[in-house]
Amino acid sequence: MIFVKGAGWMCNNILQYGHFYAWGREHGRKTMSMRFAFKFQHFRICNTPNHHFLTYVVAKYAAKWGLIPTIAFNEEGADTTAGEQEMLKHKHVVVAGWEARWYDLFEKYKAEIIDLFAFKKSVVKAVEPLMAAVPAGSCRLGVHIRRGDYATWYDGKYLFDDGVFISLIRQFVEQHPKTTVFICGNDPSLNKQRYETELGGTKMVFANGSAAEDLCLLSQCDYLIGPPSTFSLTAAMYHDTPLYWIKDAGAPLTPEAFQHFNYLFRHLL
């Protein structure tokens, strides 16, 4: 069994585990996510065999006491051959780190990964009323506004003010006149009134759900806009939704600016 130790927040863990799951599938090895055994209990994987707290505790302390080895993948761009050989060598092993990347295998088994991270019924049920209110024939635009930690991440390079998001939404609506905009994010003091005032005439929906509910909501949109983030990237993964990552606040929004998961996944910052 390959026990995958967590890395970062929810969506980082989904993508990290996806790599190890795909590698394990290719080599006939079972995998288990230690993070989804006890945390982020919003997905189908949490109810699959071995994904429970007892397995997490056994793996954690077996590694801590040196009963099973731990292999770390922490070096960006490093050759993973030695680590892979170690995974094949041991019957049980804990793996850790964010830098294990097997893109081709991830894409090969992506449908299975998506199925593992299908949302539980309770999450889908919370989102259904918002989607049911979308007028017939309306394009659904999901906007991910990331604040909080983005004030310091990359020295605040991708911390964009409301004016940037409003401008992008306006440009999108000009290209898709019948649009419903779903806004999700981690800014509790978001100036909703400004959006409604400056985007008058556009149907706006401000989500107020959990992180999993926001992810589910974004995954059901037709287009996505947001700063570079594994959150919007994971939302795009479910249905290969076109995603525009804001890197230049002043760049015009064109249809060609939207890209798909397989490309963006290989070009993480």
Side-chain angles (χ1 to χ4, degrees), residues 2 4 6-27 29 31 33 35-36 40 42-45 73 75-81 83-84 95 97-119 139-144 146 153-154 157-158 168 172 175-176 182 184 211-212 214-248 251 253-269:
I2 298 172
V4 183
W9 293 101
M10 184 173 72
C11 291
N12 295 66
N13 280 272
I14 291 174
L15 299 179
Q16 178 220 26
Y17 179 72
H19 276 294
F20 284 110
Y21 172 84
W23 187 92
R25 281 282 284 114
E26 187 72 6
H27 295 86
R29 298 292 302 278
T31 55
S33 169
R35 188 61 57 89
F36 289 100
F40 308 128
H42 317 292
F43 308 95
R44 192 183 75 81
I45 189 175
F73 295 83
E75 188 177 346
E76 184 177 356
D79 185 349
T80 60
T81 302
E84 293 180 60
V95 294
W98 174 244
E99 299 299 335
R101 304 290 167 85
W102 298 286
Y103 293 110
D104 291 342
L105 293 179
F106 191 108
E107 291 178 19
K108 180 177 179 179
Y109 297 103
K110 185 167 68 172
E112 295 181 19
I113 295 166
I114 291 172
D115 183 60
L116 281 171
F117 289 98
F119 298 98
C139 180
R140 298 167 297 186
L141 172 65
V143 178
H144 180 224
R146 186 74 175 261
W153 186 65
Y154 269 74
K157 182 178 180 179
Y158 300 112
L168 289 169
F172 185 89
Q175 299 167 30
H176 304 82
F182 294 93
C184 302
D214 282 357
L215 184 67
C216 181
L217 180 65
L218 291 176
S219 76
Q220 295 185 34
C221 290
D222 300 307
Y223 291 88
L224 297 172
I225 291 176
S229 166
T230 57
F231 196 89
S232 58
L233 180 63
T234 303
M237 175 185 71
Y238 284 90
H239 303 291
D240 202 24
T241 307
L243 166 62
Y244 175 62
W245 266 351
I246 312 167
K247 295 183 178 180
D248 180 355
L253 182 69
T254 64
E256 296 75 25
F258 287 87
Q259 296 169 315
H260 291 271
F261 175 85
N262 286 356
Y263 173 80
L264 292 172
F265 189 39
R266 292 173 181 264
H267 294 82
L268 291 170
L269 297 175

**Prompt:** For the ring pair (Phe, Tyr, Trp, His ring centres under 6.0 Å) test, which of F261, F117, F119 pairs with Y238?
**Reply:** F119
Parallel, tilted or perpendicular, judged at 30° and 60°: which one describes the rings of [X] and [Y]?
X	Y	value
F36	F40	tilted
Y21	Y17	tilted
F265	H19	parallel

Minimal non-hydrogen separation, [X] against [Y], with atom names:
X	Y	result
H42	A212	CG-CB, 3.4 Å
H267	W245	O-CZ3, 4.1 Å
I114	M237	CD1-O, 3.4 Å
L105	W23	CD1-CA, 3.9 Å
P227	R146	CG-CB, 3.8 Å
N12	A7	CB-O, 3.1 Å

**Item:** Test log, rule side-chain contact (heavy atoms from CB on, under 4.5 Å), inputs V143 and L168
**Value:** CA-CA 10 Å; V143 178; L168 289 169; over 6 Å; no
**Prompt:** Can you check whether F258 reaches L224 side chain to side chain, under 4.5 Å on heavy atoms?
**Reply:** no
**Minimum side-chain heavy-atom gap P228-Y154 below 4.5 Å** = no
**H144: partners by ring pair (Phe, Tyr, Trp, His ring centres under 6.0 Å), with sequence neighbours left out** = F231
**Asked** Checking side chain to side chain donor-acceptor pair (under 3.5 Å) for the pair W102/E84: CA distance, chi angles, key distance, verdict?
**Response** CA-CA 11 Å; W102 298 286; E84 293 180 60; 3.2 Å; yes
So how far is it from [X] [atom1] to [Y] [atom2], rounded to the nearest 0.5 Å?
X	Y	atom1	atom2	value
F20	S33	CZ	OG	10.5 Å
L15	I113	CG	CD1	9.0 Å
L264	L243	CG	CG	5.5 Å
E256	Q259	CD	CD	11.0 Å
N13	I45	CG	CD1	10.0 Å
L268	Y103	CG	OH	5.0 Å

Indicate every side-chain donor-acceptor pair of residues 214-223 with a distance under 3.5 Å to a residue at least two apart or in another chain.
{"from": "S219", "atom 1": "OG", "to": "C216", "atom 2": "O", "distance (Å)": "2.6"}
{"from": "D222", "atom 1": "OD1", "to": "R140", "atom 2": "NH2", "distance (Å)": "3.2"}
{"from": "D222", "atom 1": "OD2", "to": "R140", "atom 2": "N", "distance (Å)": "2.8"}
{"from": "D222", "atom 1": "OD2", "to": "R140", "atom 2": "NE", "distance (Å)": "3.3"}

**Item:** Any donor-acceptor N/O pair, R35 side chain to G8 backbone, under 3.5 Å
**Value:** yes
**Qualifying salt bridge (Lys or Arg N to Asp or Glu O under 4.0 Å) pairs, either residue in residues 10-21, two or more places apart** = none
**Item:** Test side-chain contact (heavy atoms from CB on, under 4.5 Å) applied to E76 and E99, step by step
**Value:** CA-CA 6 Å; E76 184 177 356; E99 299 299 335; 3.8 Å; yes
**Item:** Exceeds 12 heavy-atom contacts within 6.0 angstrom, atom CD of Q175
**Value:** yes
**Request:** Mind running side-chain contact (heavy atoms from CB on, under 4.5 Å) on M10 and T234 for me, showing each step along the way?
**Result:** CA-CA 10 Å; M10 184 173 72; T234 303; over 6 Å; no
